[in-house]
2 protein chains.
Amino acid sequence: MSAREPRQIASDAGLSKQRVVAEAVRLADREGVDGLSMRRLASALGAGAMSLYHYVASKEELLDAMIDIVFEEIELPPEETDWQSAMRRRAVSARQVLAHHPWAIGLMESRTSPGPANLRHREAVTACLRRAGFPVLMATHANWLLDSYVYGFALQEASLPFDTADELADMTENVFLPQLPPDEFPYLNESAAALVAAGYDPAEEFIFGLDLVLAALEPLRASA
Amino acid sequence: MSAREPRQIASDAGLSKQRVVAEAVRLADREGVDGLSMRRLASALGAGAMSLYHYVASKEELLDAMIDIVFEEIELPPEETDWQSAMRRRAVSARQVLAHHPWAIGLMESRTSPGPANLRHREAVTACLRRAGFPVLMATHANWLLDSYVYGFALQEASLPFDTADELADMTENVFLPQLPPDEFPYLNESAAALVAAGYDPAEEFIFGLDLVLAALEPLRASA
DNA sequence: TTGACAATCGTACAGCGTACGTCCATAGTA
DNA sequence: TACTATGGACGTACGCTGTACGATTGTCAA
C-alpha cells in the first residue's frame with residue numbers, strides 16, 4: 001500500500017454526505033437559501049458541482065437532509081423533570097435553533113416527508129406528554145399547539161427586520177413611524193412607542209406565550 | 001375618439017399591477033412558488049416577460065405584493081362582538097386563507113417589510129385587543145401569541161402530505177407505519193392509530209388550540 | 001495485467017431574472 | 001393632415017441556475 005492519501009485536491013479531506021449537507025447548512029446560514037446553489041456549495045467544498053450528486057440524489061434531497069440536521073440540533077425534552085420544564089427546555093432550544101437557521105422555517109412548508117431526526121424528536125415529545133398523563137388524543141392536541149406556537153414564533157421572529165432592542169428603536173423612529181400616520185394607525189403608534197420604551201427581547205416574549213400555553217394545558221392531563 | 005379599443009392582442013384587456021399580481025397568486029396557488037417565473041406569469045397573461053416590469057420593479061416587489069394580497073383576503077376582527085369571538089373569526093379566516101395560499105407562509109420568512117393590507121390588519125387586531133381592556137404591552141403579548149399560533153398551525157398544515165381523513169388513513173397504513181418500527185417509535189404508533197380511529201379534521205384541531213389560547217388570555221385583560 | 005468500480009470532472013442544455021435597446025400605436029400639436 | 005413625443009410591449013442578450021451525459025481518474029480484486 002502506498003503512503004499517499006487517497007484524494008485531496010483543494011480544501012480538505014474527502015467528501016461525504018455529512019460534509020456536504022453540513023456545508024450547505026453553513027452556506028444557507030450565511031447567504032440565505034436563495035444563495036445556496038450546487039455550484040457555490042461545491043466550490044465551498046473545493047469540488048466540482050457534479051461531484052455533489054454522488055452524495056445527494058438531487059437538490060430536493062439535499063434540502064430535506066438540511067432540515068433534518070436542524071432537527072438534530074434541537075434538544076430533546078429531558079426525561080428527569082416534570083413535563084412543563086421538559087417541554088419548556090425543548091421549546092426554548094427549538095426557538096434558538098430556528099433563529100440560527102431561519103431558512104429552515106420557510107423550507108418546511110414545501111417539504112412533506114419527515115427525516116429520521118424529525119421522527120425521533122416527535123417520538124420523544126409525544127412520549128413526554130403521554131408519560132405526564134395526557135390521554136392519546138390530548139397529547140396530539142398539545143403537540144399541535146406547542147409546535148404551532150414554536151414554529152409560528154420563529155417565523156415571525158425571522159421576518160423582523162431588526163435583531164436588537166437598539167435596532168428596534170432606530171427602525172421604529174426612522175422607518176416604521178414615518179409609514180404610520182397617527183390618525184390612521186393610532187394603536188400601532190401607541191404600541192410601537194410602548195415597545196421602544198419597554199425594550200424588546202424576543203426570548204422573553206417567547207417565554208411569555210410559552211408559559212401561558214403550558215399552564216393552559218396543565219388541567220388537560222389525567223394526573224397520575 | 002376612435003371606435004377601436006386601445007390594445008388587445010392575445011388574451012385579455014390591458015395589463016395592470018392588479019392583474020399581474022392577482023395572476024401571480026393564482027399561478028402560485030396552482031404550481032407553488034417555485035413554479036412561478038416571470039416568463040410563465042407573462043405567458044399566462046398573454047404578454048412578454050419584460051412587459052411585467054412596467055408594473056413591478058422586480059420579482060421581489062412582486063412577491064411582496066402577493067403577500068399583501070393574501071393579507072387583504074383575511075377577515076378583519078368584527079367590531080360588534082366580544083373580543084374572543086372577534087379574534088376567533090379573524091384567526092379562522094387567516095387559517096383558511098393561508099391554507100389556500102400555502103406558498104405565502106414560506107414567503108413571509110424572507111420578506112421583512114409589511115405591506116399596507118398587513119398594516120391595516122395589525123392595526124385592527126391591536127385595536128380589538130386594546131378596546132377589550134388589554135394593557136398596551138399585554139396586547140402586544142397577545143398579538144404575538146395569537147399570530148404565532150395561527151402562522152405555526154398553517155405552516156404545519158401546509159407540510160402535511162394529506163388533505164382528507166381518508167388520505168390520512170391511507171398514508172398512515174401504507175407510508176408512515178412501515179417507516180415506524182413499533183419498538184423504536186411506540187408512542188408515534190399509538191398516536192397514529194388513535195388519530196386514524198378518531199378521524200382527523202384540521203379545522204377542529206385548529207379551534208381546539210385557539211380556544212385554549214383565547215381562554216388563557218382572558219384573565220390578562222383589565223376588564224372595564 | 002486486466003477489469004471493475006466509485007469518485008470526480010468538463011461540457012452541454014434548458015430555463016431563470018432582468019438590463020438594454022427597439023418598435024409602434026396613440027395623443028397632442030401645428 | 002403631418003409631425004413629434006410618449007409609454008407600453010417586445011426581442012435579444014448576459015450571467016446565473018439544476019442537472020443529464022460521458023470522459024477521466026485513483027483504487028483494489030482477480
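All values below were derived from every heavy atom in this structure, side-chain atoms included, with hydrogens, water molecules and symmetry-related copies excluded. What you see is a predicted model; the values in this text were computed from it and never measured. We name chains A, B, ... by the order of the sequence lines, and we start the count at 1 in each one.
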| field | Parallel, tilted or perpendicular, as decided by the 30° and 60° cut-offs, for the rings of A/Phe176 and A/Phe162 | value | perpendicular

Of all the choices, [options], which nucleotide is nearest to the side chain of [X] once you look at every atom?
X	options	answer
A/Ser37	C/dC9, C/dG17, D/dT17	D/dT17
A/Tyr53	C/dG17, D/dT19, C/dC16	D/dT19
A/Ser51	C/dG17, D/dA9, C/dC9	C/dC9
B/Met50	D/dT12, C/dG17, D/dT19	D/dT12
B/Ala49	C/dC16, D/dT19, C/dT18	C/dT18

Round to the nearest Å and state the distance from [X] atom [atom1] to [N] atom [atom2].
X	N	atom1	atom2	answer
B/Lys59	C/dG17	NZ	P	4 Å
A/Leu52	D/dT19	CG	P	11 Å
B/Tyr55	D/dG7	OH	P	13 Å
B/Glu31	C/dC16	CD	P	11 Å
A/Glu60	D/dT17	CD	P	17 Å
B/Leu41	C/dG15	CG	C1'	16 Å
B/Met38	D/dC14	CE	C1'	17 Å
B/His54	C/dC20	NE2	P	14 Å

| Between B/Leu98 and B/Met108, which heavy-atom pair has the shortest distance, and what is it? | CD2-CE, 4.0 Å

| query | Which heavy atom in A/Ala24 sits nearest to a heavy atom in A/Leu62, and how many Å separate them? | reply | CB-CD1, 4.0 Å

| said: At 4.0 Å (heavy atoms only), tell me whether A/Leu62 reaches a base, stays on the sugar-phosphate, or touches nothing. | reply: nothing

| query | Starting at the 5' end of DNA chain D, which residue's closest nucleotide do you reach first, A/Gly35 or A/Ala57? | reply | A/Gly35

| message | Determine whether the aromatic ring centres of residues A/Tyr149 and B/Tyr149 are separated by less than 6.0 angstrom. | response | no

| message | Can you say whether a donor on the side chain of B/Arg39 sits under 3.5 Å from an acceptor on the base of C/dG15, or the other way round? | response | no

| Charged N-O contact under 4.0 Å between A/Asp147 and A/Arg90 | yes

